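First the structure, then my questions, so here it is.
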Amino acid sequence: IIIKGRLGKDTDLSRSGYYITLYSNGKLIKSRGKAIKIMPNKSGNFTKQIHLTYGENNLSAALNWGDITGPPSKGVKVIRPSRISASFGSNVTGHGFTGAHRLDTRSSARYSKRLLASMGFNATAFLNPNAKSALMSLYRSSIFHFAGHGNVDRILFADNNGDETELVTDSDYNQRHNGDSRYIKIKIDGSQNFTAVDLALFNSCLAGLYIDSPGNIMKAFIDNGAKTAIGFKSEVDTRRSRAWDRRFWNYAVKEKKEVGIAAYKAAQDIKSKCIFNFGVSPENLVVKRKDPSQRVYIYAAPPRIGLHGVDKIRLPIGVLWLSLVNYIN
């Protein structure tokens, strides 16, 4: 997660070598046995990305000069930035330029939005959006959830007028669409900044097929900085994929399962309950990670945080990504 802070007004900014030590419920959190070095700017603000274990809350901090530890102090505020989720659902009429059959996934977008909002996310359900709005959301959203028509290299959107647009990878094959405003491109060279995205969930056909090919849409998300992408390498049936979608959010949000495990368990449920699962099965599920050692959880922390005499602030909710090797104990 990202820890942001501001040094107190009485702090001597001419000094160098400032460190912070973090506390959870009043107990010191160690970072490889050392305090965490910070580099404040001229205004005393600093931002530091660190790894925390799941469930740490009631965070406070001590400001130190030199690599030492000290008691929690009023000189520094520790906050967690608010996280944003974007859920996309469309009512595709089937009369657009793609020839896709009729499909309405707006209820899936509403469902994930409602669950994530209950966890404290700044959650939005984009109903009948266009592809450009989806691309713009990738620069700021922690969770990107798409439900609808898709293929190896694209996902389809339809606005309120039924006009269809597609978010496609900038592959050699898709160069044929250059100049056509209906196709919004995702770069495959990693030059776009999707680092805000902790989870990209594709409830669509074939997003996980040819996962290591340059034109694959899940790979493009990861190459541009997203931490985890989940989808299927097969075509999926509408009813069963909708049921999988809901089960996934229930496991990930209500039961606090790691997102890859949540996706797998949801697919297992569909396979066990349906004689014909039409592509929605653990065998067809693909989970691609930026770093194979990292795991992503959707978590909720307590609603407020005490800052040892400093005025209390809201504690937003977010996605916590863990490294199995490097994290604060």
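Not measured: the values here are computed from a predicted model.
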| said: Is it true that N216 and S213 share a donor-acceptor pair across their side chains at a distance under 3.5 Å? | reply: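 Their side chains do not contain a donor-acceptor pair, so the 3.5 Å distance test is not met.
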| request: Go through the steps to decide whether D237 and V280 satisfy the test side-chain contact (heavy atoms from CB on, under 4.5 Å), and finish with yes or no. | output: CA-CA 7 Å; D237 170 75; V280 183; 5.5 Å; no
| message | Between T105 and A147 (side chain of the first, backbone of the second, donor and acceptor by atom type, cut-off under 3.5 Å), is there such a pair? | response |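 Checking the backbone N and O of A147 against the side chain of T105, a donor-acceptor pair under 3.5 Å is found.
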| task | Look up atom CD1 in I186 and atom CG in N174, then write down how far apart they are to the nearest 0.5 Å. | result |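 Spacing of CD1 (I186) from CG (N174) equals 10.5 Å.
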| query | At what distance, to the nearest 0.5 angstrom, does CD1 of I143 lie from CD1 of I298? | reply |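 Interatomic distance, I143 CD1 to I298 CD1, rounded to 0.5 Å: 4.0 Å.
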| query | For R289, what residues pass the side-chain hydrogen bond (donor to acceptor under 3.5 Å, both in side chains) criterion, not counting sequence neighbours? | reply |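 Per chain and number, R289 pairs via side-chain hydrogen bond (donor to acceptor under 3.5 Å, both in side chains) with E258.
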| request: Check for a donor-acceptor pair, side chain of S87 on one end and backbone N or O of A125 on the other, with a separation under 3.5 Å. | output: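 Side chain of S87 to backbone of A125: no pair is present.
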| task | Check whether any side-chain N or O of N203 sits under 3.5 Å from a backbone N or O of S241 as a donor-acceptor pair, and report yes or no. | result |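 Present.
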| message | Which heavy atom of Y297 sits nearest to which heavy atom of K257, and what is that distance? | response |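 The answer is CD2-C, 4.1 Å.
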| field | Test salt bridge (charged side-chain N to carboxylate O under 4.0 Å, His left out) applied to E235 - qualifying residues, sequence neighbours left out | value |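 Checked E235 against salt bridge (charged side-chain N to carboxylate O under 4.0 Å, His left out); zero matches.
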| field | Spacing of C205 atom SG and L156 atom CG [to the nearest 0.5 Å] | value |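 Atom-to-atom, C205:SG and L156:CG are 11.5 Å apart.
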| Heavy atoms from other residues, nucleotides or ligands near OH of Y173 exceed 12 (cutoff 6.0 Å) |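 At most 12 heavy atoms, drawn from other residues, nucleotides or ligands, come within 6.0 Å of this atom.
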| query | To the nearest 0.5 Å, how far apart are CE in M119 and CZ in R114? | reply |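 One gets 14.5 Å once the value is rounded to the nearest 0.5 Å.
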| task | Identify, with sequence neighbours excluded, every residue that meets side-chain hydrogen bond (donor to acceptor under 3.5 Å, both in side chains) alongside N161. | result |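 In terms of side-chain hydrogen bond (donor to acceptor under 3.5 Å, both in side chains), with neighbours along the sequence ignored, N161 is linked to no residue.
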| said: Suppose the criterion is salt bridge (charged side-chain N to carboxylate O under 4.0 Å, His left out): which pairs have a residue in residues 243-254, not counting sequence neighbours? | reply: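 Sorted result for residues 243-254: R247-D269.
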| field | Under 3.5 Å donor-acceptor, K227 side chain and T195 backbone | value |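 Indeed, once roles are kept as given, a pair shorter than 3.5 Å links the two residues.
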| field | D163/R182 ion pair, N-O < 4.0 Å | value |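 Between R182 and D163 there is no salt bridge, as every charged N stays at least 4.0 Å from the carboxylate O atoms.
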| field | Connected-component partners of I222 among ILVMFWY, side-chain separation under 4.5 Å | value |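 Via sub-4.5 Å side-chain contacts, I222 links to none.
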| request: Could you please spell out the steps behind the side-chain contact (heavy atoms from CB on, under 4.5 Å) verdict for L285 and W244? | output: CA-CA 11 Å; L285 184 70; W244 171 83; 4.1 Å; yes
| query | What is the distance from atom CG of L206 to atom CD1 of I211, rounded to the nearest 0.5 Å? | reply |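 The CD1 atom of I211 is 11.5 Å from CG of L206, to the nearest 0.5 Å.
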| message | Among D223, D170, T169, exactly one meets side chain to side chain contact (heavy atoms under 4.5 Å, CB included) together with K187. Which residue is that? | response |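 So the option named by the test is D170.
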| request: Check the pair D153, V168 against side-chain contact (heavy atoms from CB on, under 4.5 Å), reporting the backbone distance first and the verdict last. | output: CA-CA 6 Å; D153 60 346; V168 303; 5.6 Å; no
| said: Looking at N130, is its backbone amide N or carbonyl O close enough to the side chain of T165 to form a donor-acceptor pair, meaning the two atoms are under 3.5 Å apart? | reply: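 Side chain of T165 to backbone of N130: no pair is present.
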| query | Is S85 close to H145 at the side-chain level, that is, under 4.5 Å between some pair of heavy atoms? | reply |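 No - every pair of side-chain heavy atoms lies 4.5 Å or more apart.
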| So which heavy atom on A134 is nearest to which on F157, and how close? |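 Closest heavy-atom pair between A134 and F157: CB-CZ, 3.5 Å.
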| Closest non-hydrogen atom pair, L127 against A109 |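 Shortest heavy-atom contact: CD2-CB, 4.0 Å.
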| field | Which atom of I184 lies closest to which atom of L135, heavy atoms considered | value |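 Heavy atoms of I184 and L135 come nearest at CG2-CD2, 3.5 Å.
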| query | Where is the tightest heavy-atom contact between A158 and S90, given as atom of each residue plus distance? | reply |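 In this case the closest contact between A158 and S90 is N-OG, 3.3 Å.
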| Nearest non-hydrogen partners of A252 and A262, listed with the distance |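 Taking every non-hydrogen atom into account, N-CB, 3.7 Å.
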| task | Answer yes if the ring centres of F146 and F88 are under 6.0 angstrom apart, and no otherwise. | result |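 No, the ring centres sit 6.0 Å or more apart.
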| field | Which residues share a ring pair (Phe, Tyr, Trp, His ring centres under 6.0 Å) with F202, sequence neighbours left out | value |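 F202 satisfies ring pair (Phe, Tyr, Trp, His ring centres under 6.0 Å) with F221 once adjacent residues are dropped.
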